[in-house]
Amino acid sequence: MYRLVCVHCGAEYPPDAIVYNCEKCGHLLAVKYDLDKITITRKELNQRPISVWRYKEFLPVRIEPVTLQEGGTPLYHLKKIGEELGLPNLYAKHEGMNPSGSFKDRGMTLGVSMAKQLGKNIVACASTGNTSASMAVYAAKAGMPSVVLLPAGHVALGKVAQALMHGAKVISIRGNFDRALEMVHELCVSHGIYLLNSINPYRLEGQKTIGFEAVDQLGCVPDRIVLPVGNAGNISAVYKGLCEWRDVGFIDTLPMMTAIQAEGAMPVVNAIKGNLPEVVVEQNPETVASAIRIGAPVNAEKALRAIHETKGTAESVTDAEILAMQRDLARYEGIGVEPASAASVAGIRKLAEQGMLDPREKIVCVVTGHLLKDPETVIKQCAPPIEIDPTIEALLSVL
Ligand code: F0G
């Protein structure tokens with residue numbers, strides 16, 4: 001059993017209420033379970049295939065889910081980068097290996113299943129790209145129309161291609177992501193469309209399974225989990241899930257939650273470093289990591305709590321540091337990720353260089369989306385292919 005609870009004032013709502021903000025104080029809601037009624041053991045869970053749905057007792061879906069086998073992504077040991085940084089226990093969880101190529105699929109299998117469970121038949125979101133791609137995929141699977149609002153000119157090509165091909169109604173607004181989110185929120189509340197941004201409490205329930213899988217794959221709780229942060233939903237979700245596992249006695253420590261943002265869009269980092277009670281919105285966020293080009297993170301309140309309560313930290317990285325790590329992951333580890341995803345590992349490089357990390361730490365960096373999401377940024381960094389006449393002599397002359 002579960003209900004919705006305001007993360008700020010604790011007001012409660014029934015599970016079938018379609019409400020995104022607390023009617024008393026306006027803050028976001030979270031799903032709260034009667035954890036003492038969950039009787040499954042970790043041993044029983046571990047006998048199931050690793051995927052989002054391995055953890056169904058910790059999820060709110062009560063119907064046959066809309067699924068494309070999301071989750072169960074690889075946890076790679078970053079041997080070479082770890083060696084360079086003096087961190088022998090550095091890992092990357094490659095969320096780009098999900099069906100649509102990003103971690104959003106964990107949220108969308110939940111979000112679209114909940115839309116069905118709640119009797120909603122149109123879904124919508126604003127997006128820097130991945131959320132829209134993923135929603136279009138799962139709406140297609142469910143046979144539901146979907147509407148996406150994108151910041152015009154600031155979404156990577158692969159993501160727009162996915163949203164279009166999977167049949168979403170794609171609308172580009174002449175404004176940034178933060179404005180697109182305000183608009184879609186208003187549209188959904190006034191027109192009864194189901195909103196699948198991370199202010200939807202059910203969507204984040206799927207994303208918390210990243211933390212469960214990291215623990216299961218590593219065989220212990222990592223000392224630190226590092227995430228690239230935009231709207232701050234994912235870091236909040238992973239923390240929430242691990243708190244639930246602590247509360248049912250599956251684990252007895254929590255990882256230091258570590259947020260990495262791009263220097264041009266770093267309201268969470270500023271709040272942590274400045275010890276501010278809340279984030280100060282940035283009006284003109286700018287970064288090559290377009291996925292996290294967000295100035296007004298709606299989940300910041302929860303994210304700040306996650307970082308403070310686990311004695312984690314937040315750090316910013318420049319676009320150059322992000323792109324350098326994108327190349328290093330590709331060339332030294334064989335891991336292809338989009339720029340926002342490289343931010344988590346770039347942040348670890350920076351923290352290691354500042355002497356902020358204990359070399360014994362077991363660190364899991366979440367790399368959130370696949371290299372092919374943003375081919376334009378990749379091509380710009382690489383020399384073009386060498387074109388030659390179709391002869392062996394010409395081939396040998398360039399090798
Ligand atoms: N990494 C990637 C690749 C993303 O697409 C996002 C968010 C994040 C990290 C940050 O996650 O917002 O939960 O802090 N992308 C959203 C979108 C905003 O619309 O696709 P967050």
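Start at 1 with the first residue, then count along the sequence.
- Residues M356 and K350 have side chains not in contact (no heavy-atom distance under 4.5 Å, counting atoms from C-beta outward).
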Next on the checklist: Go through it in stages, so that I can follow the logic: the residues are H77 and N89, the test is side chain to side chain donor-acceptor pair (under 3.5 Å), and I'd like the CA-CA distance, side-chain angles, deciding distance and then a yes or no.
Outcome noted: CA-CA 7 Å; H77 186 197; N89 302 308; 5.4 Å; no
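- Ring centroid separation for the pair Y202 and Y194 does not come in under the 6.0 Å cut-off.
- In this structure, the side chains of R349 and V317 stay at 4.5 Å or more apart for every pair of heavy atoms.
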Checklist entry - Stepwise, does the salt bridge (Lys or Arg N to Asp or Glu O under 4.0 Å) test hold for E282 with R293? => result CA-CA 10 Å; E282 291 182 13; R293 184 175 169 270; over 6 Å; no
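- Between D216 and R42 the shortest heavy-atom distance is OD1-NH2, 2.9 Å.
- Side-chain contact, T73 with E95: a donor N or O sits under 3.5 Å from an acceptor N or O.
- For E205 and R106, the salt-bridge test fails: no basic side-chain N is under 4.0 Å from an acidic carboxylate O.
- The closest side-chain donor-acceptor pair between R62 and Q117, if any, does not fall under 3.5 angstrom.
- The aromatic rings of H27 and H8 sit parallel, their planes meeting at an angle under 30°, below the 60° perpendicular limit.
- Looking at N299 and S236, their side chains never bring a donor and an acceptor atom within 3.5 Å of each other.
- Donor-acceptor pairing under 3.5 Å is recorded for the side chains of E70 and Y138.
- A side-chain donor from one of R224 and T258 sits under 3.5 Å from a side-chain acceptor of the other.
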Next on the checklist: Apply side chain to side chain donor-acceptor pair (under 3.5 Å) to residues R305 and T310 and explain how you reach the verdict.
Outcome noted: CA-CA 8 Å; R305 199 180 295 161; T310 60; over 6 Å; no
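- Not a single side-chain contact (heavy atoms from CB on, under 4.5 Å) links D252 to another residue, sequence neighbours left out.
- E309 and Y239 are linked by a side-chain donor-acceptor pair at a separation below 3.5 angstrom, with hydrogens and angles left out of the test.
- Residues V61 and L110 form a side-chain contact, since some pair of their non-hydrogen atoms from C-beta on lies under 4.5 Å apart.
- A heavy-atom distance below 4.5 Å is found between the side chains of M135 and V148.
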Next on the checklist: Assess the residue pair Q217 and K93 against the criterion (side chain to side chain donor-acceptor pair (under 3.5 Å)); give the C-alpha distance rounded to whole Å, side-chain angles, the decisive distance to 0.1 Å, and a yes or no.
Outcome noted: CA-CA 10 Å; Q217 289 171 311; K93 187 146 174 68; 2.8 Å; yes
Next on the checklist: Run R54 and N46 through side chain to side chain donor-acceptor pair (under 3.5 Å) and show every step you take.
Outcome noted: CA-CA 8 Å; R54 170 188 271 198; N46 285 337; 3.2 Å; yes
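- Surrounding CG of N284 are at most 12 heavy atoms belonging to other residues, nucleotides or ligands under 6.0 Å away.
- Residue-environment remark: NZ (K240) exceeds the threshold of 12 foreign heavy atoms within 6.0 Å.
- K80 has no carboxylate O lying under 4.0 Å from a charged side-chain N of D328, or vice versa, which leaves the two without a salt bridge.
- Checking W53 against T209 by side-chain atom types alone, no donor-acceptor pair falls below 3.5 Å.
- Counting heavy atoms from C-beta outward, Y33 and E244 have side chains that approach closer than 4.5 Å.
- A distance below 6.0 Å separates the ring centres of F212 and F58.
- Heavy-atom neighbours of E278 CD from other residues, nucleotides or ligands within 6.0 Å: at or below the threshold of 12.
- Put simply, the side chain of H308 reaches to within 4.5 Å of the side chain of N275, judged on heavy atoms.
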Checklist entry - Where do K56 and E64 land on the salt bridge (Lys or Arg N to Asp or Glu O under 4.0 Å) test, with the steps shown first? => result CA-CA 11 Å; K56 64 180 195 290; E64 193 58 39; over 6 Å; no
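- For the residue pair H185 and N21, a side-chain donor N or O sits within less than 3.5 Å of a side-chain acceptor on the partner.
- Contact of the C220 side chain with the V215 side chain is not registered, since no non-hydrogen atoms from C-beta on lie closer than 4.5 Å.
- Using a 4.5 Å heavy-atom cutoff, the side chains of T128 and I294 are in contact.
- When each of K159, K373, Q326 is paired with E338, the side-chain hydrogen bond (donor to acceptor under 3.5 Å, both in side chains) condition holds for K159 and for no other.
- Residues N234 and Q207 bring a donor and an acceptor atom of their side chains to less than 3.5 Å of each other.
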